[in-house]
Every structure is written in structure tokens, then in C-alpha cells.
Amino acid sequence: EEFNSYNIIPSPILFPFIGFGLKIKNHNEIDIYYVAGPFDEPDSTQKYKYGFDSFDDIREMSVHEFGHSFINPICEVPANKKLISNSSHLYEPIEEYMSEQAYGDWSSCANEHLVRLGEIRIALAMNDSIASNRIRRKYIEERKFIYLPNLEDKILEYENNRKYYKNIMDFSTELINVFAEIDTTKMKN
């Protein structure tokens with residue numbers, strides 16, 4: 001799947017590290033946008049320094065926000081919504097961490113797991129194992145997206161069978177079903 005255009009809009013009026021994605025449909029074409037807040041506090045002592053000079057942050061956040069344009073639709077498929085809902089018990093072990101990050105329910109948390117999975121896999125597809133490992137470690141250890149390893153194991157099936165699965169939507173039910181297979185009693189704390 002692809003979109004007509006991918007656009008980044010820097011917004012110095014947003015709080016640092018705040019960003020969001022948008023989709024705009026124009027006839028049969030869809031343009032996607034990442035509206036980015038600065039990546040650090042603006043420096044009033046330096047002219048024209050607004051907090052948008054971090055290449056790594058822009059790249060990572062762009063992949064994340066653009067990723068929602070691919071992942072959100074698969075999470076909205078009725079069968080997939082039901083699968084996500086049926087695994088809502090997975091939210092309890094990470095609720096405190098997720099709610100602090102503004103993911104106040106399992107549905108949004110599951111969606112964020114899938115988007116972050118995409119970030120890791122895209123870094124690997126770009127032959128950047130250093131970034132992939134850094135992203136993985138940050139999300140699992142620091143931000144407690146603890147179900148990512150389970151999803152990573154499953155996504156290999158999709159990546160190795162692209163002749164059969166034309167796009168992520170074709171594989172979405174199998175991927176989301178991973179949540180139902182997770183046994184939290186066997187996970188490391």
C-alpha cells in the first residue's frame with residue numbers, strides 16, 4: 001500500500017516531542033501528514049533555532065506517525081477489533097506505564113505496539129540494525145511495550161511470504177491474533 005504523498009509539517013507551537021498524523025483524501029488520492037512539534041526546547045539565545053535539527057528524531061517520529069496511516073485501518077477491521085478486545089487482559093500488567101504515555105486503554109496500546117513493530121522492522125529493512133536495536137530496547141525496556149518480541153516473531157512469517165500476503169492488511173488477523181496467544185504468566189518482569 002502507498003499514499004499519494006508523505007508530508008512533514010514542523011509546528012513550533014506544539015509542545016516538544018508532541019506530534020500527530022493526518023490523512024486527507026482528495027478524490028481518489030490520500031495524502032498523509034506528520035505534524036511535528038520540536039524535538040527539544042527552542043533556544044531563544046540562538047536565532048533560527050527552533051528545535052527541529054535532530055535528523056534521527058525526525059526520521060523516527062516520521063516513521064512512527066506515517067505508520068499509523070497503515071496500522072490504524074487494520075485495527076479498525078471489525079474482526080481485528082474483536083481480537084484486540086478479547087485480549088484486553090494484557091493491558092493490566094502495563095496499564096500504569098501506558099496511561100502515563102496517554103494510552104489509556106488496551107485498544108490504543110495494541111495499536112501502538114503494532115506501529116512500533118513497524119518502526120523496528122523498517123529500520124531493519126534499511127539495514128540499520130543499530131537503530132533497530134536502539135528502538136527495540138527503548139520501547140521494550142524503557143516504555144514497556146513488552147509484547148513487541150511476540151509480534152516480531154510473527155511478522156517474520158509475513159515478511160518471508162510476501163507472494164502470499166500482498167500487504168499488511170492480508171496478514172493483519174494473524175498478526176493481531178498474537179495477542180491472544182500471549183501467556184503473561186510466562187513473561188519476564
Side-chain angles (χ1 to χ4, degrees), residues 1-3 6 8 17-21 23 32-34 36-37 39 54-77 80 83-84 87 90-91 93-95 97-98 100-103 105-184 186-189:
E1 186 178 354
E2 63 184 64
F3 295 97
Y6 301 79
I8 301 173
F17 286 98
I18 297 294
F20 57 91
K23 279 174 140 177
I32 61 173
Y33 297 83
Y34 161 42
F39 297 106
S54 172
F55 174 80
D56 289 337
D57 287 328
I58 290 170
R59 180 183 61 194
E60 286 180 24
M61 288 300 296
S62 297
V63 170
H64 178 89
E65 293 303 337
F66 290 149
H68 278 290
S69 295
F70 296 92
I71 297 301
N72 291 10
I74 73 170
C75 291
E76 292 301 317
V77 171
N80 291 342
L83 283 172
I84 291 170
S87 61
L90 296 176
Y91 187 65
I94 56 176
E95 180 176 7
Y97 302 103
M98 292 298 123
E100 288 174 0
Q101 298 173 70
Y103 309 122
D105 59 54
W106 173 241
S107 179
S108 62
C109 181
N111 180 289
E112 289 294 329
H113 269 80
L114 295 168
V115 170
R116 291 163 203 288
L117 170 66
E119 290 178 62
I120 294 167
R121 302 313 297 173
I122 288 170
L124 284 172
M126 295 173 65
N127 294 317
D128 193 345
S129 61
I130 293 170
S132 174
N133 288 330
R134 180 177 39 75
I135 294 166
R136 179 185 298 107
R137 190 172 40 258
K138 175 178 72 174
Y139 286 151
I140 296 170
E141 295 172 14
E142 296 172 25
R143 300 197 53 196
K144 304 302 180 194
F145 286 90
I146 61 174
Y147 308 121
L148 279 170
N150 305 77
L151 295 167
E152 280 192 278
D153 289 343
K154 188 65 172 182
I155 201 68
L156 294 174
E157 185 179 329
Y158 167 72
E159 292 173 359
N160 293 326
N161 292 287
R162 290 304 305 274
K163 288 182 180 179
Y164 181 73
Y165 302 110
K166 300 298 182 204
N167 57 44
I168 192 66
M169 185 66 83
D170 292 344
F171 189 71
S172 64
T173 300
E174 292 182 53
L175 183 61
I176 290 171
N177 198 47
V178 165
F179 292 124
E181 298 167 356
I182 295 174
D183 182 353
T184 56
K186 294 182 180 179
M187 296 187 71
K188 297 177 187 175
N189 289 336

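Since the model is a prediction, treat every value here as computed from it, not as a measurement.
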Gap separating the CD1 atom of Ile155 from the CG atom of Leu175, nearest 0.5 angstrom: 4.5 Å
Any residue meeting side-chain hydrogen bond (donor to acceptor under 3.5 Å, both in side chains) with Tyr165, in chain and number order, not counting sequence neighbours: Glu174
Under the side-chain contact (heavy atoms from CB on, under 4.5 Å) test, residues paired with Ser172 that sit two or more places apart: Ile74, Asn80, Met169
Any residue meeting side-chain hydrogen bond (donor to acceptor under 3.5 Å, both in side chains) with Asn150, in chain and number order, not counting sequence neighbours: none
Shortest non-hydrogen contact between Ile135 and Ala123, atoms and distance: CD1-CB, 4.3 Å
From CG (Leu124) to CG (Asn133), nearest 0.5 Å: 7.0 Å
Counterpart residues, side-chain contact (heavy atoms from CB on, under 4.5 Å), relative to Glu76 (two or more places apart): Lys81
For Tyr103, ring-ring contact (aromatic ring centres under 6.0 Å, His included) partners two or more places apart: none
CZ on Phe145 to OH on Tyr139, rounded to 0.5 Å: 7.5 Å
side-chain hydrogen bond (donor to acceptor under 3.5 Å, both in side chains) partners for Ser69, two or more places apart: none
Steps toward side-chain contact (heavy atoms from CB on, under 4.5 Å) verdict (Arg143, Tyr97): CA-CA 7 Å; Arg143 300 197 53 196; Tyr97 302 103; over 6 Å; no
From CA spacing to verdict: side-chain contact (heavy atoms from CB on, under 4.5 Å), Ser87, Leu83: CA-CA 7 Å; Ser87 61; Leu83 283 172; over 6 Å; no
For Val63, all residues meeting side-chain contact (heavy atoms from CB on, under 4.5 Å), sequence neighbours excluded: Glu119, Ile122
Leu156 atom CG, neighbour heavy-atom count above 12 within 6.0 Å: yes
Separation of Phe39 CZ from Ile58 CD1 (nearest 0.5 Å): 5.0 Å
Test item: Ile94 and Tyr147 side chains (from C-beta on) under 4.5 Å apart, heavy atoms: yes
Stepwise side-chain hydrogen bond (donor to acceptor under 3.5 Å, both in side chains) test for Asp105 and Ser108: CA-CA 6 Å; Asp105 59 54; Ser108 62; 3.1 Å; yes
Within-4.5 Å side-chain heavy-atom neighbours: Arg116 and His113: no
Under the salt bridge (Lys or Arg N to Asp or Glu O under 4.0 Å) test, residues paired with Glu100 that sit two or more places apart: none
Closest contact, heavy atoms only, Ile84 versus Ser107: CG2-CA, 3.9 Å
Partners passing side-chain contact (heavy atoms from CB on, under 4.5 Å) against Glu152 (at least two apart in sequence or in another chain): Leu117, Ile120, Arg121, Arg136
If you look only at distance, which donor and acceptor atoms sit under 3.5 Å apart when one is on a side chain in residues 176-183 and the other is two or more places apart or in another chain?
unit_1: Asn177; atom_1: ND2; unit_2: Glu181; atom_2: OE2; d: 3.4
unit_1: Asp183; atom_1: OD1; unit_2: Thr185; atom_2: N; d: 3.0
unit_1: Asp183; atom_1: OD1; unit_2: Thr185; atom_2: OG1; d: 2.5
unit_1: Asp183; atom_1: OD2; unit_2: Thr185; atom_2: OG1; d: 3.3

Verdict with reasoning, His68 to Asn111, per side-chain contact (heavy atoms from CB on, under 4.5 Å): CA-CA 8 Å; His68 278 290; Asn111 180 289; 3.2 Å; yes
Glu60: salt bridge (Lys or Arg N to Asp or Glu O under 4.0 Å) partners, not counting sequence neighbours: Arg134, Lys138
Approximate separation, where rounding is to 0.5 Å, of Ile71 CD1 and His64 NE2: 10.5 Å
Heavy-atom side-chain proximity of Glu65 to Tyr33 below 4.5 angstrom: no
Check: Phe3 ring centre within less than 6.0 Å of Phe66 ring centre: no
Crowding at CD, Glu1 (>12 non-hydrogen neighbours, <6.0 Å): yes
Qualifying ring-ring contact (aromatic ring centres under 6.0 Å, His included) pairs, either residue in residues 118-137, two or more places apart: none
Exam field: side chain Tyr6 to backbone Ile32, donor-acceptor pair closer than 3.5 Å: no
Test log, rule side-chain contact (heavy atoms from CB on, under 4.5 Å), inputs Glu95 and Trp106: CA-CA 8 Å; Glu95 180 176 7; Trp106 173 241; over 6 Å; no
